[in-house]
Novice: 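Please see the structure below; I have some questions.
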Amino acid sequence: MAVYGYEAIDKTGKTSKGSIDADSAGAARAELKRQNLTVVNISEQNALTRDINIDIGGKPTARDLSVFCRQFVSMTKAGVSILDAMKMLCEQTENKRLKKALETVRVSMEKGEPLAESLAKEPKIFPGIMVNMVAAGEASGSLDTSLDRVATQLERRSKTQALVKKAMVYPIVLMVVAIAVVIVMLVFVIPQYASMFETLDTELPAITKAVLTASDFIKAKWYLLLGGVIAIVFGTKTFAGTDLGKHVFGKAAISLPGIKELTVKSAAASMARTMSTLMAAGVPMVEAVEIVANTMTNIWFKEALLDAREQIGLGVPFSKPLEDCGLFPPMAYHMVRIGEESGSVEDMLDKLAEYYEEEVEMAVQSLMAMMEPMIIIVLAAIVSVLIASVLAPMMKMYEALDNV
């Protein structure tokens with residue numbers, strides 16, 4: 001398949017330039033014609049003339065997708081056809097990766113494929129819950145309602161994720177600043193006192209020797225430290241991507257004090273909100289549980305829900321595996337059990353989601369309140385060591401002068 005550069009005019013008379021992949025110039029012209037473009041010039045591009053397309057856009061966020069859903073619903077409710085709505089959204093979308101994915105979806109829909117199947121061709125952009133909700137909406141004739149629910153789900157998930165990130169950013173920023181301050185002190189400030197310390201007749205205190213040794217090592221072997229940090233970061237990231245790493249870090253997240261509460265409540269809120277949204281769209285419970293499992297970021301919760309899917313398929317109520325796994329808080333499976341007994345599982349899950357979304361916000365605030373004094377204590381200890389390394393030999397010098 002070759003790449004063809006083209007110059008064309010759209011139906012509004014606007015001239016546009018670009019490139020297109022096609023088997024031949026004729027196929028490229030046919031594809032551009034299907035896009036309502038009148039070709040002025042088209043030619044095959046080589047390595048020198050080919051357009052350089054550097055995609056610097058990040059992966060679309062939950063907020064980006066929720067805005068897409070809201071705009072799509074607004075356009076279709078205003079009487080715009082689904083295909084025309086997709087064309088307009090392709091033109092006005094700013095995120096490059098989302099824009100490219102929507103172009104793929106639009107071309108697929110022009111070939112007669114349903115919206116859900118077209119979205120499924122871009123699994124890295126459109127999450128499974130969105131594809132399944134759209135499929136359920138198309139089957140029931142309530143696509144607008146399904147997309148509206150997807151938008152609400154994505155907005156609430158985005159809010160929850162933002163709260164969790166907020167709790168992590170603050171301590172990380174402080175630690176980076178602390179490390180930078182220590183490096184500046186060791187590399188630029190402490191060495192200024194080294195020559196003065198050498199003139200002292202008394203032996204330098206152990207703490208001063210240790211700090212000067214650290215200063216000399218950083219100045220002489222800084223590349224070893226930098227390489228070590230890079231190795232640790234990449235090694236940790238690689239390990240975290242393995243099955244063992246996912247289990248180790250996942251276990252730590254549900255075991256460490258402070259983090260455990262936030263992890264469990266976030267998982268409960270995500271599970272309840274996603275399940276409620278899928279069931280409201282008419283997705284069968286077995287499929288809904290599988291979709292929810294694949295949205296879990298902690299592998300222990302994912303495996304627990306996949307096991308629950310198997311048990312539900314055998315006729316076991318959803319509340320039973322939720323309780324047996326020992327991961328979800330008691331209120332989660334108790335509320336689900338009440339919903340199963342009263343025939344209102346969807347409503348109970350919705351209430352459960354609202355409760356734990358509020359709990360997540362409180363857990364974030366509690367975690368930040370706990371971290372702040374700990375970080376201050378660590379910073380104070382580091383600064384105290386540096387100050388002591390400078391003052392200790394001075395105190396010895398003053399004592400020696402007093403004895404003269």
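For the numbers below, each heavy atom of this structure counts, side chains included, while hydrogens, waters and symmetry mates do not.
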Novice: Before you tell me yes or no, could you show the steps for Cys69 and Met130 under side-chain contact (heavy atoms from CB on, under 4.5 Å), namely the whole-Å CA-CA distance, both residues' side-chain angles and the distance that decides it to 0.1 Å?
Specialist: CA-CA 10 Å; Cys69 292; Met130 185 174 180; 3.6 Å; yes

Novice: Looking at Arg337 and Glu323, is there a salt bridge between them, counting it only when a charged N and a carboxylate O are closer than 4.0 Å?
Specialist: yes

Novice: Are side-chain N/O atoms of Arg70 and Thr152 paired as donor and acceptor at under 3.5 Å?
Specialist: yes

Novice: Would you call Lys320 and Asp324 a salt bridge, taking side-chain N to carboxylate O under 4.0 Å as the test?
Specialist: yes

Novice: State, without any angle test, whether Ser108 and Lys121 hold a side-chain donor-acceptor pair at a distance under 3.5 Å.
Specialist: yes

Novice: Please test Val73 against Lys77 for side-chain contact (heavy atoms from CB on, under 4.5 Å), starting from the C-alpha separation and ending with a verdict.
Specialist: CA-CA 6 Å; Val73 171; Lys77 284 185 176 180; 3.6 Å; yes

Novice: Between Thr61, Asp64, Leu65, which is the residue that forms a side-chain contact (heavy atoms from CB on, under 4.5 Å) with Leu154?
Specialist: Leu65

Novice: Quick one: are Glu113 and Met109 in side-chain contact, heavy atoms under 4.5 Å?
Specialist: no

Novice: Taking Ser344 for the side chain and Glu340 for the main chain, is one N or O donor matched with an acceptor at less than 3.5 Å?
Specialist: no

Novice: Going through the checks in order, is the side-chain contact (heavy atoms from CB on, under 4.5 Å) test met by Val360 and Leu262?
Specialist: CA-CA 6 Å; Val360 167; Leu262 180 59; 4.0 Å; yes

Novice: Verify the distance criterion only: is there a donor paired with an acceptor across the side chains of Asp216 and Thr213 at less than 3.5 Å?
Specialist: no

Novice: Flag the pair Leu305 / Leu322 as yes when at least one side-chain heavy-atom distance between them is below 4.5 Å, and no otherwise.
Specialist: yes

Novice: Compare all side-chain heavy atoms of Pro329 with those of Val264 and state whether any distance is below 4.5 angstrom.
Specialist: yes

Novice: Do the side chains of Leu115 and Phe72 get nearer than 4.5 Å, heavy atoms only?
Specialist: yes

Novice: CZ/Arg63 to OG/Ser66 distance, rounded to the nearest 0.5 angstrom?
Specialist: 4.5 Å

Novice: Between Phe301 and Phe328, does the ring centroid distance fall short of 6.0 Å?
Specialist: yes

Novice: Please work out which of the three classes, parallel, tilted or perpendicular, describes the rings of Phe68 and Phe126, given edges at 30° and 60°.
Specialist: tilted

Novice: For Glu103, enumerate each residue passing the salt bridge (Lys or Arg N to Asp or Glu O under 4.0 Å) test, keeping only those at least two apart in sequence or located in another chain.
Specialist: Arg106

Novice: Does a donor on one side chain and an acceptor on the other come within less than 3.5 Å for Glu290 and Asn294?
Specialist: no

Novice: According to side chain to side chain donor-acceptor pair (under 3.5 Å), who are the partners of Thr145, at least two apart in sequence or on a separate chain?
Specialist: none

Novice: Do Met275 and Val336 come within less than 4.5 Å of each other through their side chains, counting heavy atoms only?
Specialist: no

Novice: Report yes if the side chains of Phe249 and Thr236 come closer than 4.5 Å at any heavy-atom pair, otherwise no.
Specialist: yes

Novice: For the NZ atom on Lys219, are there more than 12 heavy atoms of other groups (residues, nucleotides or ligands in this structure) within a distance under 6.0 Å?
Specialist: yes

Novice: Is the shortest side-chain heavy-atom distance between Lys351 and Glu346 below 4.5 Å?
Specialist: no

Novice: Tell me yes or no: between the side chains of His247 and Glu303, is some donor less than 3.5 Å from an acceptor?
Specialist: yes

Novice: Can you find a heavy atom in the side chain of Met285 that is under 4.5 Å from one in the side chain of Val345?
Specialist: yes

